[in-house]
Amino acid sequence: MGSVTIAGARKYYGAYEAIHGIDFSVADGEFVTLVGPSGCGKSTLLRMIAGLEEISDGEIRIGDRVVNDVAAKNRDIAMVFQNYALYPHRTVRDNMAFALRLRRLGKAEVKAKVDRAAEILGLGDLLDRYPRELSGGQRQRVAMGRAIVRDPQVFLFDEPLSNLDAKLRVAMRAEIKELHQRLGTTMIYVTHDQVEAMTMADRIVVMQGGRVEQIGKPLELYDRPSNLFVASFIGSPAMNMLKGSVETGATPCFRLETGEALALPAALERPTPGPAIYGIRPEHLERAEGGGLVAEVVLVEPAGSETQVKLRRKGTELTYVCRDRLDVGPGDRMALVPDASRASLFDAATGSSLV
Amino acid sequence: MRAGRYLRYGLCYLLALVWFVPVVWMAVTAVKPTPEVMSFTPRWIPSEVTFSHFGELLAKKPFFLWLLNSFQIAALATAITVVVTTFAAYALARLEWRGRNVVFTMLILAMFVPWEINSIPLFFIVKDLGLLNTFLGAALPLAALPVSLFLLRQFFINIPTDLEDAARIDGCGHLGILWHVIIPVSLPAYGALSIFIFIFSWNEFFWSLISLQRADVRTLPIGLKTLVGAGDIQYDLMMAGSFMATLPALIIFLILRRHIISGISMAGVRR
């Protein structure tokens, strides 16, 4: 069973607490990404799972076994590192075979496993080359091959694509996802890139400051962020945040600081009056003939499939994404209304979602 | 810009000349007829080339014994250095333990203690160990130079930790990491270190003079010193001997210089 359970895991460096009691579990065969800004503790948590960092408190289980005191080599995991970590003095074949030889597997078995992994990853022609003779993408593929040959219960990926250029990153993203579908092994994948997290994962764990902010399926996080941090971290371009307050009464509405009234999010059942933040994704704004939010266009970025428009209104920046062709330019004024059925609302003091 | 470059090159050539002239002088003197050796004015180009000094030296003195002794001591010092320094540098570069930096600083500070001061306690230690007049006694202090530790530690420190982590997951313990990853990756540093220690030991005079007192264990530098008598210095023989003594080290350096330079420069650069 390749499930992973993390219960109350903490990590201290001296008096500094890097991981603040994290709980979640990863089902057998699931693809989970840990995502968050630099320094949020995601890599530390991954290294704790791998056995490269000690667990100060709490428990980590792989399958049914508590692995707190189990050495990395005995945890039945494989890890792919950000800068590949290929042994520079060994050929591709020897890099992949190294772990198997240490386990004293027979020559024929080692060869069979290496050949199979090479076939899966299309590395057949590169087996006798040294890492320095490979491109970035090929190196990363070898690093994955090294993980595959061990046939582990869990694969751990520590930002494996961040050293690759944008195009290769997209290609390798698809390869890793295909690999997961083919092998069906549990994968835990660390990245700071929310697009990578969204496109690859079955579930995402969003982290900040050594804590879990939200766990959920990619679109759950996108549509129903549990707090301001998740709302602004997930999604590119980021969600628009408008300050104001909820008004109840005859016609409940959200009153912006600048005076305009917006329809409350449809999902909000019992509005309570008070200061709040109204969140609306750029693609959930619509052009209005009159009324709504009137703003001045600052920048137009046509990307072909969509056009991104940056606007400014009374000191607030807004982003609008339109799938149709737009005929506006800097200096023009546009009126926009949010789609209340897709809007979010957050408590101004705590940042948690009110919807 | 251009003037600055000429100046830099000029300075480099001047420094090269300072090193090169005595070597050439040694080589020329070794093949000069004896009367010209001490002649005033000195002659750069001898009137005739003679190899008689070499023959005379080999006939009068046990040159090859000295050579063999020197070689054995240098090889022994190099081998011990490589083994001992590997473990020490690994512990100081890659293991976390309390007081690590203090220990390293103390070891490095030892570099500033002059060799002559160390020699007195060293002599008594070696004597008490019963190692006077042995190659091991001559080689041991040469194998514990702080500079070796410094060179190797700096190299080890710059090896990416991911490599070590990968090896740990693949199934290595500390010895496995050292053997399978750190040492193979550090071969240029080992090349530089070995050559440095070998040449240092090959040329070493002071400690060998103290610790090797019997004639049959003399090294080359000490043997050549016996050519200096109370009233007579046999410069021709000495230069012929020195020339032959220099050759092995020079050849090794010329063959391996690329490794030596890359090993030394990589020790300080993050890759």
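Order of the sequence lines fixes the chain letters, A, B, ..., with proteins taken first and strands second; residue numbering starts at 1 for each chain. What you see is a predicted model, and the numbers here were worked out from it, not measured in a lab.
For Arg47(A), the part lying under 4.5 angstrom from a heavy atom of chain B is the side chain only. Heavy atoms of Leu86(A) lying under 4.5 Å from chain B belong exclusively to its backbone. Both the backbone and the side chain of Leu52(A) come within less than 4.5 Å of a heavy atom of chain B. At a 4.5 Å heavy-atom cutoff, the contact between Arg90(A) and chain B is made by side-chain atoms alone.
A salt bridge does not link Arg169(A) with Asp165(A): none of the charged nitrogens is closer than 4.0 Å to a carboxylate oxygen. With respect to Glu164(B) and Arg94(B), a salt bridge is recorded, a charged nitrogen being found less than 4.0 Å from a carboxylate O.
In terms of non-hydrogen atom pairs under 4.5 Å with chain A, the most contact-rich of Thr161(B), Leu163(B), Asp165(B) is Asp165(B).
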Lys73(A) and Asp170(B): salt bridge (Lys or Arg N to Asp or Glu O under 4.0 Å), yes or no, with the steps? CA-CA 6 Å; Lys73(A) 61 179 176 180; Asp170(B) 276 346; over 6 Å; no
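Judged by the 6.0 Å and 45° rule, Arg153(B) forms a cation-pi pair with Phe104(B). By the 6.0 Å and 45° rule, Arg146(A) stacks over the aromatic ring of Tyr87(A).
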